[in-house]
Protein chains: 2
Amino acid sequence: MAKERLRKGTAAKRVPLDLKGRIWIDGKEGTFLGYGRVILLERIQEYGSITKAARSMEMSYRHAWELVDSMNRQASRPLVESATGGRGGGGARLTEEGESAIALFRRFYEDFQAFLADEGKALSLS
Amino acid sequence: MAKERLRKGTAAKRVPLDLKGRIWIDGKEGTFLGYGRVILLERIQEYGSITKAARSMEMSYRHAWELVDSMNRQASRPLVESATGGRGGGGARLTEEGESAIALFRRFYEDFQAFLADEGKALSLS
DNA sequence: ATTCGTAATATACAACAGGGAATAACGAAA
DNA sequence: TTTCGTTATTCCCTGTTGTATATTACGAAT
């Protein structure tokens with residue numbers, strides 16, 4: 001192990017900055033797609049049920065339903081199709097539009113994470 | 001005026017996405033620097049007073065003071081120095097640390113705006 | 001017809017953020 | 001020592017957001 005090379009004089013303490021951010025996609029009525037909404041879509045895809053998706057995120061069913069309704073209203077075609085009644089009481093499933101929405105936002109989100117990482121290297125405070 | 005050239009068949013309507021986002025820099029107690037905080041710093045620099053800075057942003061003095069206090073507590077050295085009493089009743093001025101903070105966040109913010117613009121070109125929804 | 005679990009919807013409640021207003025503290029200048 | 005406008009601080013009110021809870025609607029399977 002090589003000895004650590006130390007600077008003399010005033011040590012300009014390199015403060016690592018904790019860069020944060022949130023991104024979303026707006027629609028006619030405000031937020032259309034955001035991180036939480038996309039997670040919700042993915043859970044609906046996984047469980048086939050808004051109720052189970054909400055529970056898995058520790059989110060109230062009411063809130064989850066409102067988010068789904070908001071996305072459906074703002075999309076050109078619904079992202080989630082739901083059915084009431086039937087053997088299992090009904091359920092919900094993702095449409096192709098819904099799957100596209102997930103992919104779209106995921107890419108946006110990954111690009112943003114990369115952006116934050118890059119900025120963290122470029123910026124600093126003495 | 002040339003006749004508009006129309007596509008036949010199913011017109012894949014190109015939907016321009018409205019990409020939005022917020023960025024900030026975290027500190028020990030949560031948000032350290034954000035857009036509103038930086039505007040506030042700039043106004044303090046301009047007016048030499050927290051009261052006038054707050055009014056110019058239509059922000060309550062209480063809120064402005066809390067933001068300044070939060071930034072000062074989290075910075076290694078205060079971003080704003082204030083004085084009570086005196087001829088004009090006192091006032092507030094930006095330290096060098098405060099000016100650096102503005103410059104730092106401004107750069108971060110500009111980079112982010114560029115990022116959003118770039119993403120807008122890269123992403124789309126059919 | 002009964003059962004079952006989910007969708008859909010309404011009402012009441014809790015938590016939190018921020019605004020408005022009021023007041024005390026302050027200190028240089030007159 | 002009086003004046004003045006700002007900083008510093010407290011208390012109350014309100015709007016928003018989400019939770020908790022309860023009820024109704026639904027329809028395939030039994």
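All values derive from a computational prediction rather than experimental measurement. Just so we're on the same page: letters track the sequence lines, and every chain starts at 1.
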K.L.:
I need the residues from residues 43-60 of chain B with at least one non-hydrogen atom less than 4.0 Å from DNA chain D; give them sorted by number, or say none.
P.N.:
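Under 4.0 Å from DNA chain D: B:Ser49, B:Ile50, B:Thr51, B:Lys52.
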K.L.:
Starting at the 5' end of DNA chain D, which residue's closest nucleotide do you reach first, A:Arg62 or A:Arg87?
P.N.:
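First, find each residue's nearest nucleotide; the 5'-ward one identifies A:Arg62.
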K.L.:
Hydrophobic cluster membership, with links at side-chain heavy-atom distances under 4.5 Å among I/L/V/M/F/W/Y: are A:Leu79 and A:Tyr47 in one?
P.N.:
no
K.L.:
Separation of B:Leu67 atom CG from D:dT7 atom P, in whole Å?
P.N.:
14 Å
K.L.:
Other residues, nucleotides and ligands only: do more than 12 of their heavy atoms fall within 6.0 Å of CD on A:Glu96?
P.N.:
no
K.L.:
Let me know the distance between NE2 of A:His63 and C1' of D:dT16, rounded to the nearest Å.
P.N.:
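Rounding to the nearest Å, NE2 of A:His63 and C1' of D:dT16 are 13 Å apart.
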K.L.:
Hey, are the side chains of A:Glu42 and A:Ile102 touching, using non-hydrogen atoms and a 4.5 Å cut-off?
P.N.:
yes
K.L.:
Do B:Ile44 and B:Arg93 have side-chain heavy atoms sitting under 4.5 Å apart?
P.N.:
no
K.L.:
Can you tell me how far C1' of D:dT7 sits from CG of B:Asp69, to the nearest Å?
P.N.:
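That distance rounds to 12 Å.
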K.L.:
Assign the ring pair B:Phe112 / B:Phe115 to parallel, tilted or perpendicular, where the plane angle (0 to 90°) is split at 30° and 60°.
P.N.:
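Plane angle under 30°, so parallel.
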K.L.:
Please confirm whether the backbone N or O of A:Gly91 pairs with a side-chain atom of A:Ser49, one donor and one acceptor, at under 3.5 Å?
P.N.:
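No, because the side chain of A:Ser49 does not come within donor-acceptor range (under 3.5 Å) of the backbone of A:Gly91.
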K.L.:
Contact between A:Phe108 and B:Leu19 at the side-chain level, heavy atoms closer than 4.5 Å - yes or no?
P.N.:
yes
K.L.:
Go through the side-chain N and O atoms of B:Ser70 and B:Arg37 and say whether any donor and acceptor fall under 3.5 Å apart.
P.N.:
yes
K.L.:
Does B:Trp65 have a side-chain nitrogen or oxygen under 4.0 Å from the phosphate oxygens OP1 or OP2 of D:dA8?
P.N.:
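The answer is yes; a side-chain N or O of B:Trp65 sits under 4.0 Å from OP1 or OP2.
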K.L.:
Going 5' to 3' on DNA chain C, which nucleotide is the first and which the last to come under 4.0 Å of a heavy atom in chain B?
P.N.:
C:dG19 to C:dA29
